[in-house]
Amino acid sequence: MLGLQNAGKTCLLNVLSGGDFTYDTIPTIGFNMKRVQKNNVSIKCWDIGGQPRFRPMWERYCRGVNAILFVVDIADIEKLQAAREELHSIMEQESLEGIPLLVLGNKSDLQVKVSVDELIDALDLKGIDHREVSCYGISAKEETNLEAVLSWLVKRANELQR
Ligand SMILES: Nc1nc2c(ncn2[C@@H]2O[C@H](COP(=O)(O)OP(=O)(O)OP(=O)(O)O)[C@@H](O)[C@H]2O)c(=O)[nH]1
Ligand SMILES: [Mg+2]
């Protein structure tokens, strides 16, 4: 799970793993790991700090994973450009070639935000090739569309077992 600082990665992972949403999270220092359970599947998720000083670690944490989730704050329109640059730079790493990517536009509960289509354009998702790319709008706070995220994850987890 990657994305700029304040995108909502830690909140999302807390909610996905059965915890409550909290407003007053502190920025992640390094990373944090939690298990997400769905039916009989248990998925190990790493949530990596998004501050600039942690971004050089992203590639190392992503090597060999089943899937990469890239979380974006869709209400923070000024940071979309930076999100796009970081996303493309990580997707260009040869070690991560072919790993499925799920982009999550988080904070859909807020009033001023970009739509999923606008997010796809702003991040130039069509310019990412050699892998499967999906994009959903979600809210960790209101638990909107999280079932779709879980289903997507379970499908990728099962694919590797085959
Ligand atoms: N309105 C709204 N706020 C959210 C949502 N998800 C997270 N937030 C808020 O966004 C802020 C940052 O959330 P975090 O989960 O700490 O962000 P992060 O991506 O883990 O940040 P780093 O650890 O620094 O990389 C917190 O104040 C959350 O309450 C959401 O779905 N809706
Ligand atoms: Mg965090």
Side-chain angles (χ1 to χ4, degrees), residues 1-38 42-63 65-93 96 99-120 122-125 128 133-154 156:
M1 205 176 255
L2 306 175
L4 303 184
Q5 69 275 22
N6 207 49
K9 300 177 292 296
T10 303
C11 286
L12 174 63
L13 186 52
N14 282 343
V15 174
L16 286 176
S17 60
D20 289 326
F21 176 82
T22 40
Y23 259 113
D24 49 350
T25 52
I26 50 161
T28 304
I29 304 301
F31 71 96
N32 123 67
M33 194 282 284
K34 276 200 159 77
R35 278 183 182 279
V36 173
Q37 314 268 353
K38 161 91 175 162
S42 170
I43 301 160
K44 218 171 171 178
C45 291
W46 279 271
D47 150 34
I48 329 259
Q51 292 176 50
R53 63 186 165 128
F54 299 121
R55 296 179 199 162
M57 305 178 2
W58 286 2
E59 185 267 338
R60 252 175 297 153
Y61 279 97
C62 289
R63 278 186 216 162
V65 299
N66 293 35
I68 296 173
L69 267 59
F70 191 88
V71 185
V72 182
D73 178 347
I74 50 173
D76 194 352
I77 293 160
E78 283 179 2
K79 285 220 290 238
L80 288 177
Q81 174 70 22
R84 165 198 173 130
E85 283 164 15
E86 292 297 343
L87 175 63
H88 282 264
S89 127
I90 190 84
M91 288 299 123
E92 277 160 18
Q93 304 287 324
L96 310 181
I99 301 175
L101 170 70
L102 176 58
V103 175
L104 296 175
N106 186 35
K107 311 198 187 181
S108 67
D109 55 284
L110 295 177
Q111 284 288 311
V112 179
K113 61 185 177 233
V114 295
S115 66
V116 170
D117 284 342
E118 288 165 336
L119 183 64
I120 291 171
L123 298 180
D124 185 24
L125 295 187
I128 297 174
V133 183
S134 309
C135 183
Y136 301 157
I138 62 159
S139 165
K141 184 184 171 200
E142 295 190 341
E143 306 196 12
T144 309
N145 227 5
L146 300 190
E147 273 304 311
V149 176
L150 285 171
S151 302
W152 190 95
L153 278 172
V154 166
R156 280 14 171 240

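Since the structure is predicted, the reported quantities are computational estimates derived from the model, not experimental observations. First listed ligand is number 1; within each ligand, the first listed atom is number 1.
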For atom 6 (N) of ligand 1, closest protein heavy-atom neighbour: Asn106 ND2, 3.1 Å
Any donor-acceptor N/O pair, Thr22 side chain to Thr25 backbone, under 3.5 Å: no
Determine, step by step, whether Asp124 and Ile128 satisfy the side chain to side chain contact (heavy atoms under 4.5 Å, CB included) criterion, reporting the C-alpha distance in whole Å, the side-chain angles of both residues, the deciding distance to 0.1 Å, and the verdict. CA-CA 7 Å; Asp124 185 24; Ile128 297 174; over 6 Å; no
Measuring from non-hydrogen atoms of Gly49 to any atom of ligand 1, is the shortest distance under 4.0 Å? yes
Please walk me through it: do Thr28 and Thr10 pass side chain to side chain donor-acceptor pair (under 3.5 Å)? CA-CA 7 Å; Thr28 304; Thr10 303; 2.8 Å; yes
Salt bridge Lys9-Asp47, side-chain N to carboxylate O under 4.0 Å: no
Nearest-contact summary for atom 29 (O) of ligand 1 - protein heavy atom, Å: Tyr23 O, 3.0 Å
Using heavy atoms and a 4.0 Å limit, tell me yes or no: is Thr22 in contact with ligand 1? yes
Under a 3.5 Å distance rule, please check whether Arg84 uses its side chain to pair with a backbone N or O of Ala122 as donor and acceptor. yes
Look at atom 20 (O) of ligand 1 and say which protein heavy atom is nearest, naming residue and atom and giving the distance to 0.1 Å. Thr10 OG1, 2.8 Å
List the steps and the verdict of side chain to side chain contact (heavy atoms under 4.5 Å, CB included) for Leu16 and Cys45. CA-CA 10 Å; Leu16 286 176; Cys45 291; 6.0 Å; no
Which atoms from ligand 1 have a heavy atom of Ala140 less than 4.0 Å away? 6 (N), 31 (O)
Let me know which of Asn6, Leu4, Asn106 forms a side-chain contact (heavy atoms from CB on, under 4.5 Å) with Asp73. Asn6
Show which atoms of ligand 1 fall inside a sub-4.0 Å distance from at least one heavy-atom site of Pro27. 23 (O), 24 (O)
Heteroatom distance test (Gly3, ligand 1): nitrogen or oxygen, under 3.5 angstrom: no
Regarding Lys38 and Glu147, does a basic nitrogen lie under 4.0 Å from an acidic carboxylate oxygen? yes
Examine Arg156 relative to Trp152 and say whether NZ or CZ is less than 6.0 Å from the centre of the six-membered ring and inside a 45° cone about the ring axis. yes
Would you indicate whether the side-chain heavy atoms of Leu2 and Ile68 approach each other to under 4.5 Å? yes
Is a side-chain donor or acceptor of Glu143 paired with a backbone partner of Ala140 at a separation under 3.5 angstrom? no
At what distance is the nearest protein heavy atom to atom 14 (P) of ligand 1, and which residue and atom is it? Thr25 OG1, 3.5 Å
List the steps, then state whether side chain to side chain contact (heavy atoms under 4.5 Å, CB included) holds for Val72 with Leu104. CA-CA 6 Å; Val72 182; Leu104 296 175; over 6 Å; no
Can you confirm whether Ile29 is buried at CD1, in the sense that more than 12 heavy atoms of other residues, nucleotides or ligands lie under 6.0 Å from that atom? yes
What part of Val71, side chain from CB on, backbone N/CA/C/O, both or neither, has a heavy atom under 4.0 Å from ligand 1? neither
Heavy-atom proximity to atom 1 (N) of ligand 1 ranks first, among Asp109, Asn32, Asn14, for Asp109
for atom 17 (O) of ligand 1, nearest protein heavy atom and its distance come out as Gly8 N, 3.1 Å
In ligand 1, the atoms that come under 4.0 Å of a heavy atom of Gln5 are 21 (O), 22 (P), 24 (O), 25 (O)
Counting only N and O atoms by type, is there a donor-acceptor contact under 3.5 Å from the side chain of Ser134 to the main-chain atoms of Leu102? no
Any N/O of Asp47 closer than 3.5 Å to an N/O of ligand 1? no
If hydrogens are left out, which of Glu143, Lys141, Lys107 has an atom nearest to atom 9 (C) of ligand 1, that is, the closest non-hydrogen atom? Lys107
Just to confirm my output: which protein heavy-atom neighbour is closest to atom 15 (O) of ligand 1, and how far is it? Cys11 N, 2.9 Å
Going by distance only, is there an N or O of Asp24 that falls short of 3.5 Å from an N or O of ligand 1? no
Closest protein heavy atom (residue, atom, distance) for atom 12 (C) of ligand 1: Asn6 OD1, 3.0 Å
Among protein heavy atoms, which sits nearest to atom 19 (O) of ligand 1, and what does the distance come to when rounded to 0.1 Å? Lys9 NZ, 2.7 Å
Given Met33 and Lys44, is the side chain to side chain contact (heavy atoms under 4.5 Å, CB included) satisfied, shown in steps? CA-CA 7 Å; Met33 194 282 284; Lys44 218 171 171 178; 3.5 Å; yes
Aromatic plane relationship, Trp58 with Phe70 - under 30° parallel, 30 to 60° tilted, over 60° perpendicular: perpendicular
Measure the distances from the heavy atoms of Phe21 to every atom of ligand 1 and state whether one is below 4.0 angstrom. yes
Ignoring waters, protein N/O/S atoms under 2.8 Å from the Mg ion (ligand 2) are Thr10 OG1, Thr28 OG1
